[in-house]
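Single-structure report; data block below.
Here is the naming used below: chain letters follow the sequence lines, and residue numbers restart at 1 for every chain.
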Amino acid sequence: MNSAKKFFQNLAKYLAVALLVFIIVSPIYWILVCSFKPTRELIRVTPTFVPHTVTLFHYLGLLKETGFMTYFLNSIYVATGSAVLVVILTSLAGYSVYRCRYLGRRFFFNILLAIYIFPRVLLLLFLYPMFARLNLVDNLLSLVITYVGITAPLNVWLMRAFFTSVPLELEDAALVDGANRLQILLKIFLPLVAPGIGAVAINSFLMSYGEYLFASILIVSDQFKTLPVGMAQFLQQYEISWGWLASGSVLIILPPVIAFAFVGRYFVKGLTAGAIK
Amino acid sequence: MIEKIRRRVLQDPLFGYFLIIPILVWISVTLFYPLLRAIYTSFLNIEFLGETGRFIGWDNYARLLGDKEFRLSFVRTLVWSGANVLLQIALAFFAALVLDLEFRGQKFIRNWILLPWVIPVVVLAMIFRWMLDPTLGVVNYVLQNTNAVSSPVPFLGSVDWVMITAIFVNSWRWFPFYAVMILASLQIIPPQLYEAAKIDGASPFQQFCYITLPHIMPVLVPVILICSLWAVNVFDMIWLLTRGGPGNATQTFPIFIYQKGFQEYRLSQAATAAVFMFIFLLVYGTIYLGTVTLEEK
């Protein structure tokens, strides 16, 4: 009786896990499988859930006949640039709101969190003329500047959660040794919040890498387009090629997934710590 | 001794300012400057991008509130956000409860549950547009073959379906994010509480209501706030799935503002709508936090 009950409990548990995994994975599985199917199989009335024939045809075509590589490099450039700047800004600000005492600290921290309520479209409406005046429209720098602005504030919150986990005895020890504030920040705190740096970096990288709205307006010429915009465009421009859509999707997903495989767990940790602190 | 050094070295307010000023300058340029310009422009009559415009007071606001298209987009925004919050929190809850169980591969799935969030929206929109296509989509194929429906469902092509479909797709992307946060709060509930409750004969439902729920409230409250603010702000997903259509069926605030600003080039009207949206979010956020804090007292 007891073992039967246990069996059904286990069964229910694994069914729930399977359902969750199915919800998450099925669309991704589908696009992955489709990217390797020959065109004939792609447009069959009866879709195949496991490809009958496997081909790299669409991947090769995509890389040769579209600007995919250019868009790809632009995206990597913008995302890396934003991530580096966000890491610098947020580790300074995160330490400042956690460990420094000054007038307006609480207020600044709240302001940073309040950017949740800024409508993105509103920003775009007036960043566009601003960049136009600075001659930065159609320049990848405009995207970096924007992405840092919209991702940095929330990452301060993430970074702060990591700072709070640093034991203050270490700070005391450094003080006794005669270290000044900057040294304490750079030599004691920063090395210990390395996971936080990873979390913030992946967060801003992902956001900048996949951003569409700003990239679609601030970049005009083809050679500076980032992946989301370039991809959306060439799929509409030509007669939709399902093969390109699938293989392009898989290729776009790859860099973020690889990056997440390395530092994703730090982000999860930061989110966890940030949520309960 | 250490107290003395600490006070001498750490109590230097300038250092704190010095560290936070870079980010404040950055967001002043990229966030506050556009906001101020938007407020200013909402009182001018710029009918076409590039004009200087003339001060016309509250006319734009009056016109906007009299605009049926705008009022409808307001209602759609409420429907869109409300449904997104409900669905995302429900899914996140389910996921968090599952991930809180002991099973093989639990650690792995706890990290990789964020997979939908890792994938760029543009890719998701394209994948789902394809999968939900009435003729070529795999979803309709499965539905028809299992006799769940008799004719293909126009998920993104009909006014009746498009909103629900977009809500589901958007929720699919975002729920893992909240699942991680809710899971975090589940994990700090002391297991002894459940054991004690079991001894007292509390049903699982009672345990949920009297132990789980009160403990996750401190996380759930900000999560729902963030979730709703982000839902109102969604542009990419709707635009890439539907362009706000068919008709105007999925034209929420951001879509409305984008169309006014970058397709019709009516800068003042777009700015007015954007300021209205900002104020709406501000008021909502304040009331939300106000009510919730009152409840806690």
Is it the side chain or the backbone of [X] that comes within 4.5 Å of chain B heavy atoms, both, or neither?
{"X": "Leu85(A)", "result": "side chain"}
{"X": "Ile202(A)", "result": "neither"}
{"X": "Ala132(A)", "result": "neither"}
{"X": "Val156(A)", "result": "side chain"}
{"X": "Ile115(A)", "result": "side chain"}
{"X": "Val250(A)", "result": "neither"}
{"X": "Leu154(A)", "result": "side chain"}

When [options] are compared by non-hydrogen pairs under 4.5 Å with chain A, the top option:
{"options": "Pro176(B), Ala38(B), Ala273(B)", "value": "Ala38(B)"}
{"options": "Ile127(B), Val139(B), Ile27(B)", "value": "Ile127(B)"}
{"options": "Arg104(B), Lys107(B), Arg37(B)", "value": "Arg37(B)"}
{"options": "Tyr33(B), Phe235(B), Trp172(B)", "value": "Trp172(B)"}
{"options": "Val138(B), Asn145(B), Leu136(B), Ile182(B)", "value": "Val138(B)"}
{"options": "Phe94(B), Trp239(B), Tyr284(B)", "value": "Phe94(B)"}

Select one option (side chain, backbone, both, neither) describing which atoms of [X] are under 4.5 Å from chain A's heavy atoms.
{"X": "Val29(B)", "value": "both"}
{"X": "Phe175(B)", "value": "side chain"}
{"X": "Leu240(B)", "value": "side chain"}
{"X": "Leu35(B)", "value": "both"}
{"X": "Leu31(B)", "value": "both"}
{"X": "Ile109(B)", "value": "side chain"}
{"X": "Leu99(B)", "value": "side chain"}
{"X": "Arg110(B)", "value": "backbone"}

Side-chain heavy atoms of [X] within contact of [Y], under 4.5 Å:
{"X": "Phe126(A)", "Y": "Leu267(B)", "result": "yes"}
{"X": "Asn233(B)", "Y": "Pro119(A)", "result": "yes"}
{"X": "Tyr102(A)", "Y": "Phe15(B)", "result": "no"}
{"X": "Ile150(A)", "Y": "Thr30(B)", "result": "no"}
{"X": "Tyr258(B)", "Y": "Ser216(A)", "result": "yes"}
{"X": "Val180(B)", "Y": "Thr272(A)", "result": "yes"}
{"X": "Phe260(A)", "Y": "Leu115(B)", "result": "no"}
{"X": "Phe32(B)", "Y": "Ile111(A)", "result": "yes"}

Donor-acceptor check, side chain of [X] to backbone of [Y], threshold 3.5 angstrom: yes or no?
{"X": "Trp26(B)", "Y": "Ile145(A)", "value": "yes"}
{"X": "Lys13(A)", "Y": "Glu102(B)", "value": "yes"}
{"X": "Asp236(B)", "Y": "Tyr212(A)", "value": "yes"}
{"X": "Ser96(A)", "Y": "Leu19(B)", "value": "no"}
{"X": "Tyr17(B)", "Y": "Leu103(A)", "value": "yes"}

Return the option, out of [options], with the maximum number of heavy-atom pairs under 4.5 Å with chain B.
{"options": "Leu206(A), Ile252(A), Val86(A), Asp172(A)", "answer": "Asp172(A)"}
{"options": "Leu127(A), Asn180(A), Leu227(A), Leu213(A)", "answer": "Leu213(A)"}
{"options": "Arg105(A), Met130(A), Met231(A)", "answer": "Met130(A)"}
{"options": "Leu112(A), Val97(A), Val21(A), Leu124(A)", "answer": "Leu124(A)"}
{"options": "Asn10(A), Val148(A), Leu182(A), Val229(A)", "answer": "Val148(A)"}
{"options": "Arg99(A), Arg101(A), Arg120(A), Met207(A)", "answer": "Arg120(A)"}

Point-to-point distance, once rounded to the nearest 0.5 Å, from [atom1] of [X] to [atom2] of [Y]:
{"X": "Ile117(A)", "Y": "Ile279(B)", "atom1": "CD1", "atom2": "CD1", "value": "10.0 Å"}
{"X": "Thr41(B)", "Y": "Leu122(A)", "atom1": "OG1", "atom2": "CG", "value": "9.5 Å"}
{"X": "Met131(B)", "Y": "Cys34(A)", "atom1": "CE", "atom2": "SG", "value": "9.0 Å"}
{"X": "Tyr14(A)", "Y": "Leu101(B)", "atom1": "OH", "atom2": "CG", "value": "9.5 Å"}

Measuring centre to centre across the rings, with the benzene-like ring taken for any Trp, is Phe267(A) within less than 6.0 Å of Trp117(B)?
yes

Check: Phe278(B) ring centre within less than 6.0 Å of Phe118(A) ring centre
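Here the rings of Phe118(A) and Phe278(B) have centres that are less than 6.0 Å from each other.
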
Restricting to non-hydrogen atoms, name the atom on [X] and the atom on [Y] that form the minimum distance, rounded to 0.1 Å.
{"X": "Leu89(A)", "Y": "Pro22(B)", "value": "CD2-CB, 3.4 Å"}
{"X": "Ile24(A)", "Y": "Trp112(B)", "value": "CG2-O, 4.4 Å"}
{"X": "Ala95(B)", "Y": "Leu20(A)", "value": "CB-CD1, 3.7 Å"}
{"X": "Val123(B)", "Y": "Ser249(A)", "value": "CG1-CB, 3.6 Å"}
{"X": "Leu125(A)", "Y": "Ala274(B)", "value": "CD1-CB, 4.3 Å"}
{"X": "Ala16(A)", "Y": "Val98(B)", "value": "CB-CG2, 3.9 Å"}

[X], [atom1]: over 12 other non-hydrogen atoms inside 6.0 angstrom:
{"X": "Phe280(B)", "atom1": "CZ", "value": "yes"}
{"X": "Tyr40(B)", "atom1": "OH", "value": "no"}
{"X": "Phe107(A)", "atom1": "CZ", "value": "no"}

Starting from the C-alpha separation in whole Å, work towards a yes-or-no answer on side chain to side chain contact (heavy atoms under 4.5 Å, CB included) for Leu114(B) and Val268(A).
CA-CA 8 Å; Leu114(B) 280 175; Val268(A) 173; 3.6 Å; yes

